[in-house]
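Report on the following structure.
Everything quoted here is computed from the prediction, not taken from an experiment. For this chain, numbers begin at 1 and follow the sequence in order.
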Amino acid sequence: MNVYTALVDDAGLFPPTSLHMDEALARNQRDLEQGSSVLTHRFLCPASRLHRLRDMEYRPRRIGLIVDQEEVPGFDDLPVDFVEAALPDDMTVDRLARGLGLPASVRLFVEVPPGKLGVDVPEGVGLKVRCGGLTAEAFPPAEHLAAFIRFCVEHDIPFKATAGLHHAVRHFDPSLGVDRHGFLNLVLAVCEAVDGRDPVPVLRTTDVGHIVRLAQSVQDDTAKRARQLLVSYGSCSTSIPVEDLRTLGLIA
């Protein structure tokens with residue numbers, strides 16, 4: 001398996017891109033026509049904006065529903081395969097899953113803070129980790145993100161990532177005064193954990209040559225297992241991930 005296949009979900013509605021619904025759907029349609037193997041073409045849509053999506057002529061092939069309100073609207077008429085919801089402080093993952101009552105065909109991913117892990121995750125439910133945001137405080141330390149990865153590997157829990165992963169390789173963002181995690185660092189950190197190694201050094205490295213060499217050395221069985229765990233990540237840009245991987249010589 002190519003470790004980058006079906007890696008990137010379409011989060012064009014979310015900041016900092018924050019496209020209007022018609023612009024986001026038009027981009028999703030163009031991406032689908034161009035057919036990059038890096039993209040899942042899953043369109044991430046807040047529950048509060050489903051009514052607007054229904055008004056549009058184009059329907060995405062796949063939809064990830066982001067719970068951003070107390071009541072989750074019905075979505076039987078839409079191709080929703082993932083639902084993503086943050087875990088309230090006073091609730092267990094199991095209670096949240098039972099409360100949502102999703103059909104068996106829809107997988108739930110529950111967002112938890114990467115530094116607070118002691119959660120019981122029922123079978124069939126995945127986790128979600130936030131890798132950044134609009135403030136420096138939203139970016140978790142490499143050690144916290146590594147602990148989250150190790151937890152998922154050790155407990156065989158699939159997970160998604162969101163926010164902050166704007167480029168392939170970790171880099172400094174002067175506007176926020178913080179290092180941004182790289183999506184390639186994240187993928188390779190999961191590979192490191194699958195092979196029983198500490199993911200922290202890979203998460204922290206900004207050495208482009210080193211990380212490309214690591215990427216080129218990933219074994220097929222490791223890549224397959226890593227991607228069973230790291231299901232995908234949401235990106236507000238669907239072009240930059242593809243362009244970055246091409247520039248690094250990792251995809252044709």
Side-chain angles (χ1 to χ4, degrees), residues 1-11 31 34-42 44 109 114 126-132 139-154 156-173 178-252:
M1 172 185 181
N2 186 317
V3 75
Y4 317 112
T5 299
L7 178 63
V8 181
D9 289 335
D10 183 346
D31 288 341
Q34 291 167 4
S36 170
S37 63
V38 175
L39 306 180
T40 66
H41 306 293
R42 181 182 294 108
L44 303 182
F109 289 87
L127 293 180
K128 177 180 173 181
V129 64
R130 190 165 294 272
C131 298
F139 290 80
E143 292 77 10
H144 288 183
L145 190 51
F148 176 89
I149 291 169
R150 283 194 297 264
F151 180 82
C152 291
V153 170
E154 291 166 4
D156 197 29
I157 300 170
F159 71 94
K160 291 184 85 269
T162 189
L165 300 168
H166 289 184
H167 285 282
V169 180
R170 181 182 177 97
H171 61 284
F172 183 70
D173 183 339
V178 69
D179 280 340
R180 285 186 174 273
H181 295 290
F183 71 81
L184 183 55
N185 297 71
L186 178 67
V187 172
L188 295 177
V190 181
C191 293
E192 291 287 284
V194 164
D195 285 342
R197 293 185 291 272
D198 183 1
V200 171
V202 173
L203 286 171
R204 292 186 66 84
T205 188
T206 57
D207 185 331
V208 176
H210 174 62
I211 206 165
V212 167
R213 288 189 293 273
L214 282 176
Q216 291 170 336
S217 67
V218 174
Q219 299 297 307
D220 287 345
D221 56 344
T222 299
K224 181 179 179 180
R225 178 71 185 125
R227 288 305 314 281
Q228 288 170 344
L229 292 164
L230 173 55
V231 176
S232 59
Y233 80 92
S235 175
C236 59
S237 172
T238 52
S239 58
I240 290 175
V242 178
E243 292 166 0
D244 277 10
L245 290 172
R246 283 180 180 151
T247 299
L248 295 173
L250 296 174
I251 62 171

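Here the shortest heavy-atom pairing between Q228 and P158 reads O-CB, 3.8 Å. Heavy atoms only, all atoms of each residue included: H41 and S36 are closest at NE2-O, 3.8 Å. Contact between P140 and G132 at its shortest, heavy atoms only, is CD-N, 4.1 Å. Of all heavy-atom pairs spanning V200 and A146, the tightest one is CG2-CB, 3.4 Å. Nearest heavy atom pair, residue C191 against residue V3, reads SG-CG2, 4.3 Å. Between V8 and P241, the shortest heavy-atom contact is CG2-CB, 3.9 Å.
Evaluation of the salt bridge (Lys or Arg N to Asp or Glu O under 4.0 Å) test over residues 162-172, restricted to residues two or more places apart or in two chains, returns R170-D179. For residues 204-234, every residue pair satisfying the ring-ring contact (aromatic ring centres under 6.0 Å, His included) rule, not counting sequence neighbours, is listed here: F183-Y233. For residues 189-208, no residue pair satisfies the ring-ring contact (aromatic ring centres under 6.0 Å, His included) rule, not counting sequence neighbours.
Partners of C152 by side chain to side chain contact (heavy atoms under 4.5 Å, CB included), not counting sequence neighbours, listed by chain and number: L127, F148, I157, F159. Residues that satisfy the ring pair (Phe, Tyr, Trp, His ring centres under 6.0 Å) test with F139, not counting sequence neighbours, are absent from this structure. D10 meets the side chain to side chain donor-acceptor pair (under 3.5 Å) test with R27, N28; sequence neighbours excluded. With sequence neighbours left out, the salt bridge (charged side-chain N to carboxylate O under 4.0 Å, His left out) criterion links R42 to D9, D81. Under the rule for a salt bridge (charged side-chain N to carboxylate O under 4.0 Å, His left out), D221 has no partner lying at least two apart in sequence or in another chain. Residues forming a side chain to side chain donor-acceptor pair (under 3.5 Å) with T205 (at least two apart in sequence, or on another chain): none. When the side chain to side chain contact (heavy atoms under 4.5 Å, CB included) test is applied to H166, the partners found at least two apart in sequence or on another chain are P16, R180, C236. Residues satisfying the side chain to side chain contact (heavy atoms under 4.5 Å, CB included) test with P201, not counting sequence neighbours, are D198.
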Enumerate, atom names and distances included, each donor-acceptor pair closer than 3.5 Å involving a side-chain atom of residues 242-251, sequence neighbours excluded.
from	atom 1	to	atom 2	distance (Å)
D244	OD2	H167	ND1	2.9
D244	OD2	A168	N	2.9
T247	OG1	E243	O	2.9

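Put simply, the side chain of V212 reaches to within 4.5 Å of the side chain of V208, judged on heavy atoms. At least one side-chain heavy atom of I149 sits under 4.5 Å from a side-chain heavy atom of L203. Looking only at side-chain heavy atoms (C-beta outward), N185 and H171 stay at 4.5 Å or farther from each other. Looking at L7 and R227, their side chains come closer than 4.5 Å, going by heavy atoms from C-beta outward.
Taking NZ from K224 and OG1 from T5, the interatomic distance works out to 13.0 Å, rounded to the nearest 0.5 Å. For the atom pair H144 NE2 and C131 SG, the distance stands at 13.5 Å (nearest 0.5 Å).
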>> For a side-chain contact (heavy atoms from CB on, under 4.5 Å) check, start with the C-alpha distance between L184 and L214, then their side-chain angles and the critical distance, and finish with the verdict.
In response: CA-CA 10 Å; L184 183 55; L214 282 176; over 6 Å; no

